[in-house]
Amino acid sequence: MEDYTVQIAEFEYPFPSQLLEQQLTEAGVAFRSFNSSATEAGIMGKVYFVKSTDASKAFEIREKIDSENAKAEIRHMHPYRKILAYVSLILILLYVIYSAIGFINDLNN
């Protein structure tokens with residue numbers, strides 16, 4: 001019996017799980033998947049395991065899919081959420097700058 005001991009990912013089903021399965025199959029990496037029942041908001045998930053000999057190749061594939069998924073989420077984010085995120089970042093930056101200036105002034109006094 002082959003041992004699939006290295007967990008490489010836990011993805012939502014059907015996307016990006018199906019993409020991971022497709023990429024692993026094309027790369028010739030054998031894997032086992034199990035349905036995950038403990039996900040947020042009742043979303044179906046899958047947990048993926050590979051052999052320890054294929055772990056590095058599988059992790060590279062997972063990282064590639066993770067980065068593509070993150071880029072897609074940002075592209076499809078609602079415009080108001082993008083604006084709110086940028087405004088929040090600017091306000092945080094201004095607070096940090098104001099705090100740094102206050103700290104420097106306290107050191108000079």
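Here CD of Glu68 is found 5.5 Å from NZ of Lys64. Values are rounded to the nearest 0.5 Å. Atom CD1 of residue Ile8 and atom CD of residue Glu63 lie 10.5 Å apart, to the nearest 0.5 angstrom. The structure places CG of Leu94 at 10.5 Å from OG of Ser99, a figure rounded to the nearest 0.5 Å. Between the CG atom in Leu91 and the OH atom in Tyr86 there is a gap of 15.0 Å [rounded to 0.5 Å]. Separating the CG atom in Leu84 from the CG atom in Leu89 is a distance of 9.5 Å, to the nearest 0.5 Å.
Put simply, Ile101 and Leu93 are part of the same group of oily side chains (I, L, V, M, F, W, Y) that touch within less than 4.5 Å, one to the next. In the hydrophobic cluster analysis, where Ile, Leu, Val, Met, Phe, Trp and Tyr join through side-chain heavy atoms closer than 4.5 angstrom, Val96 is grouped apart from Ile104.
With a 4.5 Å cut-off on side-chain heavy atoms, Phe31 and Asp54 do not count as touching. Residues Lys46 and Asn35 have side chains in contact (heavy-atom distance under 4.5 Å, counting atoms from C-beta outward). You'll find the side chain of Asn69 stays beyond 4.5 Å of the side chain of Leu19, heavy atoms only.
Paired with Tyr48 under the rule side chain to side chain donor-acceptor pair (under 3.5 Å), one option of Glu21, Arg62, Arg32 passes, and it is Glu21.
Of all non-hydrogen atoms in Val50 and Ala55, the two that sit nearest each other are CG2-CA, 3.9 Å.
Counting non-hydrogen atoms of neighbouring residues, nucleotides and ligands closer than 6.0 angstrom, the NZ atom of Lys82 exceeds 12 such neighbours.
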>> Using side-chain contact (heavy atoms from CB on, under 4.5 Å), reason through Val6 and Phe59 one step at a time and then give a plain yes or no.
In response: CA-CA 10 Å; Val6 180; Phe59 279 121; 4.0 Å; yes
> Given Gln18 and Gln22, is the side chain to side chain donor-acceptor pair (under 3.5 Å) satisfied, shown in steps?
Replying inline: CA-CA 6 Å; Gln18 290 180 337; Gln22 177 186 4; over 6 Å; no
